[in-house]
**Q** 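Below: one structure in C-alpha cells.
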Protein chains: 2
Amino acid sequence: MDATVKRKLRSPKSARPPPLQPLEPAHESDGAHLELRIWLRLLSCATRIEKSLNARLRKEFNTTLARFDLLAQLARKPEGASMSEVSNLLMVSNGAITALVQKLEADGLIHREVDSEDRRTFRLRLSQDGAKEFGRMARRHEEWVIALIGELSPVAQSDLLQHLTLLKRRLDKHA
Amino acid sequence: MDATVKRKLRSPKSARPPPLQPLEPAHESDGAHLELRIWLRLLSCATRIEKSLNARLRKEFNTTLARFDLLAQLARKPEGASMSEVSNLLMVSNGAITALVQKLEADGLIHREVDSEDRRTFRLRLSQDGAKEFGRMARRHEEWVIALIGELSPVAQSDLLQHLTLLKRRLDKHA
DNA sequence: CAATAACGTTTCATACCTAAAATATCATGT
DNA sequence: ACATGATATTTTAGGTATGAAACGTTATTG
C-alpha cells in the first residue's frame, strides 16, 4: 500500500474535457464520486498506518513489515508452509519471497528444508529463535495497532470492521 | 499494497506467552483484538484495489500508479508545484520523486523549470501532452474504482466513507 | 515410456521506496 | 562580507515489489 505503502495519495477525477484546464481541481472532499473518495481515504489510512508500523519495527527491532509478515504467517503454521503458500498468504509474487526467505534463513529466524514428498518444494518453518523474536515483535506490533486505531469508539470500530469485511468480500468476488 | 499490498496481509496476535507454541494460531476472524482485525482488513482491501488499478494502468496505458498519482497532483495545480510539495502530497520521500520526475519529463508529460525566485527549487507543471494523457487515464481510473467499490450499497458507501474519514482524522492527530 | 503439460522455485530486468549523506542555494546576524 | 543555519534537491546504498523467462521436478497421457 503495498500498502505499503508506504506510500501514497490517490487521484481526483474529471467529468468532461473542458477548455483550458481539462480537469477540475477537485479537492478531496468536493464533487468527486463517492467511490473515489472512499478509495482515497482508504489508501491514505492504510499508507499512514503501514509507514508508522514499518518505522517502529525498524527502530525497535531493526526489521521490516515484510519480514514480520512472513514470520507471522509461519507462526500460525507449525506444520510449515511452502514458498508458494506463503506468497499467496502475503499476496506477493513468488519471486519476491525468494530473497526474503534467504535473508530470514541467513539470520537464523526460519528453517528451509526440501519436502520429502515433492522435491520441487521447500517447507519453511520458524526456528526457535524466530519464534521468540516474532513473539516479541508481535506483542509490540499489537500495542501499536491498538494505539493507532483504538482512538475510534468501540461502536465505530465494529461498524468499520463490518464495512471493510463486506468490501473485501465484494473484492474477492470481483477477482 | 504498498500495498501495495501491494501487497500484504498483516499479523495475528498472542495474548500471553504459553508453553510450546508460544503464539496462538489466530485465524483472521477469531479472538484477535478488534483493532488488529480492522487493520488486516483495511490493508488487504487497499492492497487488492491498488494491485488491480496498477495492473490495469500498466495494460491500458503502460504506466504505473506512482506516475499517475504524480500527474494527478499536478493536474490540480495549474500554477505548478515544487518537488517537495509533490513529495508531501504523495507522502513519499523527496528522493523517490527525483527519478519519477526525470522519467515523466523525458516522456514529455511534465515540464520542470527552475523557479525564478529561488534557484533551489523546480516548478513542475503538466505539459499539454501530459494533461491530455492524464485526462484519458483519469477517466478510466474512475471507472475502475467505481466498479471495484460500487458494489457496496450507497448507504454502506457513505457509512464507510464517514468511518474512514474519522479514522484519518485520528491518525493525523497522532502524527 | 517418452512427449508434454503443470507446478515450484529462482533469476533477471525494472520500478519504487526509504534514510542518510552530499551539494547547492538562500537568509541571517554580527 | 561571512560564518551559520535552514531549505531544496540529488545521490547512494539497501530493501522489496513485479512480470517474464528459465529450470528442474512431478504428473499425465497417447
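Hydrogens, waters and symmetry mates are skipped; everything else that's a heavy atom, side chains included, is used. Lettering follows sequence order; numbering is per chain, from 1.
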**Q** For the residue pair B:R48 / B:S52, report whether a side-chain donor-acceptor contact shorter than 3.5 Å exists.
**A** no
**Q** Using a cut-off of strictly less than 4.0 Å, decide whether A:R58 has a side-chain nitrogen or oxygen near OP1 or OP2 of C:dT18.
**A** no
**Q** Quick check: B:F134 with B:F68 (ring centres under 6.0 Å apart)?
**A** yes
**Q** Between the side-chain atoms of A:R119 and the base atoms of D:dT25, is any donor-acceptor pair under 3.5 Å?
**A** no
**Q** Counting the atoms with a prime plus P, OP1 and OP2 as sugar-phosphate, which does A:L100 contact under 4.0 Å by heavy atoms, base, sugar-phosphate, or nothing?
**A** sugar-phosphate
**Q** Reckon B:T121 has a side-chain N or O less than 4.0 Å from the OP1 or OP2 of C:dT25?
**A** no
**Q** Can you confirm whether more than 12 heavy atoms, excluding those of A:Q128, are under 6.0 Å from its CD atom?
**A** no
**Q** Quick check: closest heavy atoms across A:P154 and B:L34, and the distance to 0.1 Å?
**A** O-CD2, 4.3 Å
**Q** Any idea which heavy atoms bring B:S87 and B:I97 closest together, and the distance?
**A** CB-CG1, 3.4 Å
**Q** Have A:R169 and A:T165 got a donor and an acceptor in their side chains that come within less than 3.5 Å?
**A** no
**Q** Could you list, one pair per line, each protein nitrogen or oxygen that sits under 3.5 Å from a nitrogen or oxygen of nucleotides 1-3 of chain C, together with the distance?
**A**
none

**Q** What's the closest nucleotide to the B:R120 side chain, out of C:dT25, C:dT11, C:dT9?
**A** C:dT25
**Q** What's the closest nucleotide to the B:R67 side chain, out of C:dC16, C:dT25, D:dT16?
**A** C:dC16
**Q** Look at the side-chain N and O atoms of A:K51 and state whether any lies under 4.0 Å from the OP1 or OP2 oxygen of C:dC17.
**A** no
**Q** Between B:K103 and C:dT14, is there a contact of a side-chain N or O with OP1 or OP2 at under 4.0 Å?
**A** no
**Q** Is there side-chain contact between A:H141 and A:R139, with at least one heavy-atom pair below 4.5 Å?
**A** no
**Q** Of all the nucleotides listed (D:dT9, C:dT9, C:dT18), which has the minimum atom distance to the side chain of B:A96?
**A** C:dT18
**Q** Mind listing the residues from residues 106-115 of chain B sitting with a heavy atom below 4.0 Å of DNA chain D? Number order is fine.
**A** B:R112
**Q** Hey, does the side chain of B:T98 come within less than 4.0 Å of D:dT10's phosphate (OP1/OP2), counting only N and O?
**A** yes
**Q** D:dT10, C:dT25, C:dC16: which one has an atom nearest the side-chain heavy atoms of B:T64?
**A** C:dC16
**Q** Once you round it to whole Å, what is the distance between P of D:dG14 and CG of A:L65?
**A** 22 Å
